S.K.: 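Before I ask anything, let me first share the structure, which is written out below as structure tokens.
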Amino acid sequence: MQKFFSMSFTEEIKWRGMLHDIMPGTDEMLKEGRAAAYVGIDPTADSLHIGHLVSVMLLKHFQLAGHQPIAVIGGATGMIGDPSGKSQERNLLDIQTLRHNQEAIKKQLVKFLDFSEQTENKALILNNYDWMSKFSFLDFIRDVGKHISVNYMIAKDSVKKRMSGGAEKDAEGLSFTEFSYQLVQAYDFLHLYKEYNCKLQMGGSDQWGNITTGTELIRRMLQGKAFALTSPLITKADGGKFGKTEKGNIWLDPEKTSPYGFYQFWINTSDEDAEKYLKIFTVLSKSEIELLVKSHTEAPHNRLLQKKLAEELTVLVHSKEEFFNSVAASEILFGKGTKNQLRSLNEKTFNDVFSGVPTFLVSKEALIRGINVLTLLTSEALIFSSNGEIRRLMKDNGLSINLEKVNDSELIINEEFLINKKYIVVKQGKKNYSIIVAS
RNA sequence: GGGGGGAUUCCAGAGCGGCCAAAUGGGGCAGACUGUAAAUCUGUUGGUUUAUACCUUCGGAGGUUCGAAUCCUCCUCCCCCCA
């Protein structure tokens with residue numbers, strides 16, 4: 001991790017498709033020797049989600065290239081809300097939550113970055129709340145504000161869009177608080193420049209304006225030279241938003257997104273996106289990826305790219321063991337799993353296979369007495385919201401219980417349906433599983 | 001402060017006294033085809049349902065009417081124009 005790779009940092013992220021915009025001179029500065037760079041991370045939750053991963057991977061490659069990566073938790077800026085996004089005004093996080101989130105995020109970053117003390121270019125995690133909170137309003141506008149003109153600030157796209165309406169919507173205006181965001185972020189950069197000799201800020205392409213306000217501030221206040229580098233926003237081939245599913249964000253925290261669900265997210269990547277994601281989210285070399293792409297093109301049904309992508313990330317974020325469990329679960333759930341196969345699973349394996357699947361508790365007595373399917377699936381276990389929905393599904397041949405199609409709305413479910421005297425597997429369509437647990 | 005326009009089922013957006021549970025598009029779900037992909041095609045998308053039946057829905061509260069998402073009154077919220 002110490003050595004400089006044959007490729008420079010910028011060359012590396014360029015072929016990976018992670019470079020959108022870069023300030024002239026950045027490359028030269030990086031070649032002079034070890035440098036430090038930072039990205040900002042919003043501490044709005046106590047876990048990262050995969051939307052954060054591009055920035056994290058930027059840091060990772062930065063460190064692999066021998067430089068020092070810094071993750072800045074936006075405790076202060078997170079309270080303000082960046083007008084670049086469509087985010088509304090944010091709520092203030094209390095200090096306790098902030099610290100809790102910071103710690104949780106750090107634990108996840110450890111999987112990507114080397115924080116160990118012995119490492120010369122060890123990664124750092126900082127929280128801008130630590131320096132911003134001590135800054136009084138008056139001091140800030142006197143010492144920082146006077147160096148940047150309002151003219152400069154309103155020329156930024158993020159601000160202009162809100163003031164004049166831009167292409168899409170009418171101007172919605174922005175509060176003074178939001179307006180000041182770029183200045184606060186710029187000060188972060190200044191602070192890091194002074195305290196950590198950090199000369200580069202990286203981020204998504206929507207951050208370009210904010211970052212350059214930082215370099216400008218550094219130039220004016222310290223006559224220093226600082227740099228900016230952004231990566232493109234990740235898109236999906238079908239135009240959808242990356243990292244979101246119907247069920248919400250894909251988190252790194254196994255409590256929020258099960259390892260199985262995490263694995264499934266990557267496995268379900270479309271062909272067009274898979275190569276792109278492999279470049280961005282893994283550290284596989286160019287030749288390795290080219291080889292995979294070649295094999296994939298020859299036999300696309302094997303979905304080599306998706307499998308590799310899912311493997312790399314599940315192992316990295318969770319563990320080898322969780323990865324194997326997920327593969328095993330997927331095979332049973334999506335392979336040619338039969339009723340008998342399902343019944344032959346022992347309890348341990350069963351639990352592993354279905355660990356990420358939503359479960360519903362139903363009283364065992366009721367099941368022994370026997371319950372009508374409709375009642376069971378709507379009232380006892382809230383898997384469906386109405387009888388009509390189930391009838392419709394049955395009509396479409398989309399409902400399975402214990403991997404057997406069910407078409408009879410009069411069916412009585414009793415203890416004979418219990419697998420290991422305890423479970424019933426309910427499947428909607430091809431991919432949506434639920435488990436009913438008798439207790 | 002003055003004038004005008006609007007609020008419809010997940011979203012966008014028709015409907016403007018009965019044929020409206022409400023066009024159309026998007027999204028969702030399911031089926032076929034497949035590779036747990038994409039594209040395509042089909043079905044479905046308030047509830048109870050055997051249902052051409054009933055119940056609950058068209059910003060809120062009242063009213064007119066045999067009958068209202070549709071007309072009237074008041075209220076709330078949003079947008080535009082003028083000052």
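These figures come from a predicted structure and were not determined experimentally. Below, chains carry the letters A, B, ... as their sequence lines are ordered, and counting in each starts from 1.
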S.K.: Can you give me the N/O atom pairs linking the protein to nucleotides 50-54 of chain B at distances under 3.5 Å, or say none if there are none?
M.R.:
| residue | atom | partner | partner atom | Å |
| --- | --- | --- | --- | --- |
| B:U50 | OP2 | A:R391 | NH1 | 3.3 |

S.K.: On a whole-Å scale, what distance lies between the C1' atoms belonging to B:A69 and B:G28?
M.R.: 25 Å

S.K.: Going by atom types alone, do A:D114 and A:S116 pair a side-chain donor with an acceptor below 3.5 Å?
M.R.: yes

S.K.: In whole angstrom, give me the gap between the C1' atoms of B:G15 and B:G63.
M.R.: 23 Å

S.K.: Would you call the rings of A:F262 and A:W266 parallel, tilted or perpendicular, taking 30° and 60° as the class edges?
M.R.: perpendicular

S.K.: Taking only the P atom of each, what is the distance from B:G13 to B:C82 in whole angstrom?
M.R.: 24 Å

S.K.: Give me the distance, rounded to whole Å, that separates B:C78 from B:U64 when you measure between the P atoms they each carry.
M.R.: 32 Å

S.K.: Take atom C1' in B:C16 and the same atom in B:A68, then report the distance between them in whole Å.
M.R.: 10 Å

S.K.: Taking the six-membered ring of A:F115, is the NZ or CZ of A:K106 close enough (under 6.0 Å from the centre) and on axis enough (within 45°)?
M.R.: yes

S.K.: Determine the Euclidean distance between corresponding P atoms of B:A22 and B:A53; express it in Å to zero decimal places.
M.R.: 11 Å

S.K.: Which base, if any, makes a Watson-Crick or G-U wobble pair with B:G67, both distances under 3.5 Å?
M.R.: none

S.K.: In Watson-Crick or G-U wobble terms, both distances under 3.5 Å, what is the partner of B:A32?
M.R.: B:U40

S.K.: Using both distances under 3.5 Å as the test, list the Watson-Crick or G-U wobble partner of B:G1, or none.
M.R.: B:C82

S.K.: Sort out for me which residue in A:D273, A:T269, A:D271 forms a side chain to side chain donor-acceptor pair (under 3.5 Å) with A:Q306.
M.R.: A:D271

S.K.: What is the per-nucleotide protein-contact pattern of nucleotides 30-37 of chain B, from the 5' end, where B denotes a base atom under 4.0 Å from a protein heavy atom, S denotes such proximity for sugar-phosphate atoms only, and - denotes neither?
M.R.: SS-BBBBB

S.K.: Please measure how far the C1' atom in B:G3 lies from the corresponding atom in B:U70, and state the result in whole Å.
M.R.: 26 Å

S.K.: Which donor-acceptor pairs under 3.5 Å do the side chains of residues 411-425 of chain A make with protein atoms, sequence neighbours left out?
M.R.:
| residue | atom | partner | partner atom | Å |
| --- | --- | --- | --- | --- |
| A:N414 | OD1 | A:E416 | N | 3.0 |
| A:N420 | ND2 | A:L345 | O | 3.4 |
| A:K422 | NZ | A:E347 | OE2 | 3.4 |
| A:Y423 | OH | A:E347 | OE2 | 3.1 |
| A:Y423 | OH | A:N351 | OD1 | 3.1 |

S.K.: I want to check one thing: is the phosphate of B:U49, taken as OP1 and OP2, less than 4.0 Å away from some side-chain N or O of A:N387?
M.R.: yes

S.K.: Taking atom types as modelled, find out whether A:Q185 and A:Q201 have a side-chain donor-acceptor pair closer than 3.5 angstrom.
M.R.: yes

S.K.: In the structure shown, which nucleotide is the Watson-Crick or G-U wobble counterpart of B:G62, with both distances under 3.5 Å?
M.R.: B:C72

S.K.: Provide the Watson-Crick or G-U wobble partner of B:C77, both distances under 3.5 Å; none if there is no partner.
M.R.: B:G6

S.K.: Before you tell me yes or no, could you show the steps for A:S285 and A:E288 under side chain to side chain donor-acceptor pair (under 3.5 Å), namely the whole-Å CA-CA distance, both residues' side-chain angles and the distance that decides it to 0.1 Å?
M.R.: CA-CA 5 Å; A:S285 72; A:E288 280 174 294; 3.1 Å; yes

S.K.: Roughly how far, to the nearest 0.5 Å, is CG of A:L305 from CG of A:L292?
M.R.: 6.0 Å

S.K.: Taking only the P atom of each, what is the distance from B:G26 to B:G43 in whole angstrom?
M.R.: 14 Å

S.K.: Of the non-hydrogen atoms in A:L304 and A:H296, which two are nearest, and what is the gap between them?
M.R.: N-CD2, 3.7 Å

